[in-house]
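Proteins come first, then strands; the chains are lettered A, B, ... in the order of their sequence lines, and each starts at number 1. Computed from a predicted model, the values in this text were never measured in an experiment.
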Amino acid sequence: MTKPKALFEYLIRHADDTMILGQRLSELCGHGPILEEDIALTNIALDLIGQATELYEYAAQVENKGRTANDLAFLRLEREYKNVLLVEQKNGDFGKTIVRQFLFDNFQLLNYTQLLNSSDAQISAIAEKSLKEVKYHLKHSSEWVIRLGDGTEESHQRVQESVDDLMRFVEELFFQNEVNELLQEDRLIGDCEEFKQQFYKNVNNVLTEATLTIPEIKYHQKGGRKGIHSEHMGFLLAEMQYMQRTYPGMEW
Amino acid sequence: MKEVNISDLERKFEERIAAEIRIEPNDWMPENYRKTLIRQISQHAHSEIVGQLPEGNWVTRAPNLRRKAVLLAKIQDEAGHGLYLYSAVETLGADREETIDDLHTGKAKYSSIFNYPTLTWADIGMVGWLVDGAAIMNQVPLCRTSYGPYARAMVRVCKEESFHQRQGFEIVTTLAQGTAEQKAMAQDALNRWWWPALMMFGPSDAESKHTEQSMRWKIKRHTNDELRQMFVNATVPQAELIGLKVPDDNLTYNEEKGGYDFSDIDWDEFWQVVNGHGICNKERIEARKKAKEEGIWVREAALAYAEKRAARRKQAS
């Protein structure tokens with residue numbers, strides 16, 4: 001694998017993570033449990049689509065085959081999307097939406113922090129801008145995890161079930177292969193193993209404050225980074241790609 | 001004695017209105033003025049909230065990254081408008097949750113336009129261009145409405161709505177200049193949205209039961225028919241500019257009145273939709289009720305947590 005190919009692959013992974021999670025959150029517009037959360041979740045979706053746009057634009061530039069950011073976002077096959085399985089999971093109840101966000105925000109915070117030191121100026125610039133947003137996202141999701149976990153008996157039970165369900169997707173956030181190794185050689189990216197312990201510590205601290213527990217996971221679910229998704233993904237893409245597929249080649 | 005005081009207060013209130021001095025939450029106001037404002041502002045807030053739904057219907061299918069981001073930002077703005085307006089209602093002593101319950105039981109109305117379905121991407125353009133365009137016609141004069149908190153909320157709302165209107169027009173312009181298929185999509189959407197947009201200004205002046213009193217109190221500054229005429233005058237040239245045809249064969253420019261003559265509105269359709277029998281009325285209210293019901297456990301948890309935290313702090317101190 002060449003280095004540009006590795007860089008393209010790396011950018012696509014993270015662009016797809018933010019795009020797909022932004023897509024999931026945008027399903028909730030107008031359906032939040034309180035008006036303030038309608039605003040907050042829509043705002044987070046907007047930030048994620050913004051991050052995806054910057055990552056796709058850079059990926060398109062690196063690929064240099066004439067594909068645009070929009071082509072990458074809307075016109076690939078399911079197997080070509082490299083997002084982690086966590087972000088494509090259905091919204092479920094508000095607690096599940098929040099737990100999914102909380103796990104992802106924790107990863108993004110540490111990952112972008114590490115990418116600030118990237119030898120690639122564009123990557124470090126994207127990381128710097130995104131980090132400002134992610135800090136706010138994490139504050140928001142952590143506060144809700146605590147409120148729901150330490151709220152009522154019902155909310156505690158619901159949110160614990162979501163933690164139990166979603167923790168099996170967490171290890172995949174730390175997936176690395178030759179793509180990462182190649183890019184680490186030139187310090188374009190860091191080794192995410194370096195912050196894995198910190199990740200679990202941060203997650204655990206909030207869950208403990210929320211009177212919740214991390215379940216012991218025997219079987220971790222992986223596949224997204226290789227383009228092997230859950231059954232939810234096809235429907236998500238059918239909706240997201242509808243216009244580009246129905247009216248090929250048009251400007252909107 | 002008491003009656004003398006009230007008539008004295010009423011006189012002072014009328015004087016303030018006449019002198020264009022804003023009425024503020026702590027000022028005395030006639031009960032009907034308060035009720036009229038609660039009805040109008042809460043109806044406006046509900047419209048912002050329900051208005052998220054037809055746009056949300058397309059946000060997951062927006063055709064490109066930029067359009068998706070802009071639409072998300074717009075929906076977020078609408079929710080924000082709902083929030084300021086509910087806050088303005090609260091300054092009149094109304095309870096936000098009770099106001100929302102009135103929406104869910106059908107006691108309170110919202111703009112009927114949102115009971116029409118968004119069927120194609122061009123409809124999202126029409127919602128911005130025509131629906132927000134009509135809303136601006138209504139709302140710009142409200143920046144000078146006699147009740148202070150409402151007037152101030154409207155200043156901010158209007159700035160954002162004006163951006164929404166332009167982004168809607170830009171979507172429609174892009175389609176009108178696009179392929180034959182895109183142009184047909186835009187024309188079809190205009191055909192479906194034109195008349196409902198004109199209906200947004202409410203019943204004709206002869207039929208409007210609230211207009212006269214609201215004008216006297218300077219809550220409203222123009223009648224429904226005046227606003228409708230202003231909207232037609234502003235919008236027809238925009239349609240012509242981008243080569244779309246307004247679906248009204250009787251539309252002609254009347255030199256004498258300096259504006260367009262246009263056909264009568266189908267008032268049967270207007271009243272049918274206002275009274276809850278449009279194609280989406282049921283779905284819109286059900287969606288809002290569902291959001292509220294599914295959020296009960298969330299709100300209870302937030303409340304329980306806040307109480308626990310307060311108790312812990314008290315214990316610690």
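Proximity to chain B (any heavy atom under 4.5 Å) is restricted, for A:Arg158, to the side chain, taken from C-beta onward. In this structure, the portion of B:Thr179 lying under 4.5 Å from any heavy atom of chain A is its side chain and not its backbone. Contacts between B:Arg67 and chain A at a heavy-atom distance below 4.5 Å involve the side chain alone, from C-beta outward. Heavy atoms closer than 4.5 Å to chain A are found in both the backbone and the side chain of B:Leu65. Contact annotation for A:Leu48: neither backbone nor side-chain heavy atoms come within less than 4.5 Å of a heavy atom of chain B. In this structure, chain A has heavy atoms under 4.5 Å from both the backbone and the side chain of B:Leu83. The contact between A:Tyr242 and chain B is made entirely by side chain atoms (from C-beta outward), counting heavy-atom distances below 4.5 Å. Using a 4.5 Å cut-off between heavy atoms, A:Glu27 touches chain B through backbone and side chain atoms alike. Contacts of A:Ala45 with chain B are made by both backbone and side-chain atoms, with heavy-atom separations under 4.5 Å. For B:Glu294, no part lies under 4.5 angstrom from a heavy atom of chain A. For chain A, the nearby part of B:Arg288 is the side chain; its heavy atoms alone come within less than 4.5 Å. Heavy-atom distances place the backbone of B:Ala62, and not its side chain, under 4.5 Å from chain A. For a residue to count as touching a neighbouring chain, one of its non-hydrogen atoms must lie under 4.5 Å from one of that chain's; by this rule B:Gln76 touches chain A with backbone and side chain alike.
Ion pairing between A:Lys129 and A:Glu133 holds under the 4.0 Å rule for side-chain N and carboxylate O. Ion pairing between B:Glu286 and B:Lys282 holds under the 4.0 Å rule for side-chain N and carboxylate O. The residues B:Arg312 and A:Asp150 are annotated as salt-bridged, a charged nitrogen and a carboxylate oxygen being separated by less than 4.0 angstrom.
Side-chain atoms of B:Lys74 and B:Glu160, non-hydrogen and from C-beta on, never get closer than 4.5 Å to each other. A 4.5 Å side-chain heavy-atom check between B:Trp297 and A:Thr152 finds every atom pair outside the cut-off. Between A:Thr18 and A:Glu54 there is no side-chain heavy-atom pair separated by less than 4.5 Å. At least one side-chain heavy atom of B:Thr91 sits under 4.5 Å from a side-chain heavy atom of B:Tyr147. In this structure, the side chains of A:Ile34 and B:Val298 stay at 4.5 Å or more apart for every pair of heavy atoms.
Chosen from B:Arg66, B:Glu300, B:Arg299, the residue pairing most often with chain A at heavy-atom distances under 4.5 Å is B:Arg299. Heavy-atom pairs under 4.5 Å with chain B were tallied for A:Ala69, A:Pro33, A:Gly22; the largest tally goes to A:Pro33. In terms of heavy-atom pairs under 4.5 Å with chain B, the best-connected choice from A:Ile146, A:Ile49, A:Asn43 is A:Asn43. Per-residue counts of heavy-atom pairs under 4.5 Å with chain A were compared for B:Glu78, B:Gln177, B:Arg96, B:Glu55; the largest is that of B:Arg96. Counting heavy-atom pairs closer than 4.5 Å to chain A, the top-ranked of the candidates B:Gln52, B:Lys68, B:Gln182 is B:Gln182. Considering only heavy-atom pairs separated by less than 4.5 Å from chain B, the leading option among A:Leu148, A:Asn70, A:Thr42, A:Val159 is A:Asn70. Comparing B:Lys290, B:Arg309, B:Met185, B:Lys292 by heavy-atom pairs within less than 4.5 Å of chain A, the highest count is held by B:Met185. Taking A:Ile98, A:Leu41, A:Thr53 one by one and counting their heavy-atom pairs under 4.5 Å with chain B, the maximum is reached by A:Thr53. The most heavy-atom pairs under 4.5 Å with chain A, out of B:Ile296, B:Ile171, B:Thr174, B:Leu175, come from B:Thr174. Top candidate by heavy-atom pairs under 4.5 Å with chain B, chosen from A:Gln244, A:Gln23, A:Met19, is A:Gln23. Counting heavy-atom pairs under 4.5 Å between each of B:Pro63, B:Gly82, B:Ala287 and chain A puts B:Pro63 at the top.
Across all non-hydrogen atoms, the minimal contact from A:Leu109 to A:Val134 is N-CG1, 3.6 Å. Across all their heavy atoms, A:Cys29 and B:Leu72 have their closest contact at SG-CD2, 3.9 Å.
Inspection of the A:Asp47 and A:Gln51 side chains reveals no N or O donor paired with an N or O acceptor under 3.5 Å. Side-chain atoms of B:His164 and B:Glu161 form a donor-acceptor pair, as typed in the model, at a separation below 3.5 Å.
Remark: aromatic rings of A:Tyr247 and A:Trp252 are close, center separation under 6.0 Å.
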Check your understanding: How far apart are the C-alpha atoms of B:Asp188 and B:Arg192, what are their side-chain angles, what is the distance that settles it, and do they pass the salt bridge (charged side-chain N to carboxylate O under 4.0 Å, His left out) test?
Key -> CA-CA 6 Å; B:Asp188 169 63; B:Arg192 285 181 288 110; 3.1 Å; yes
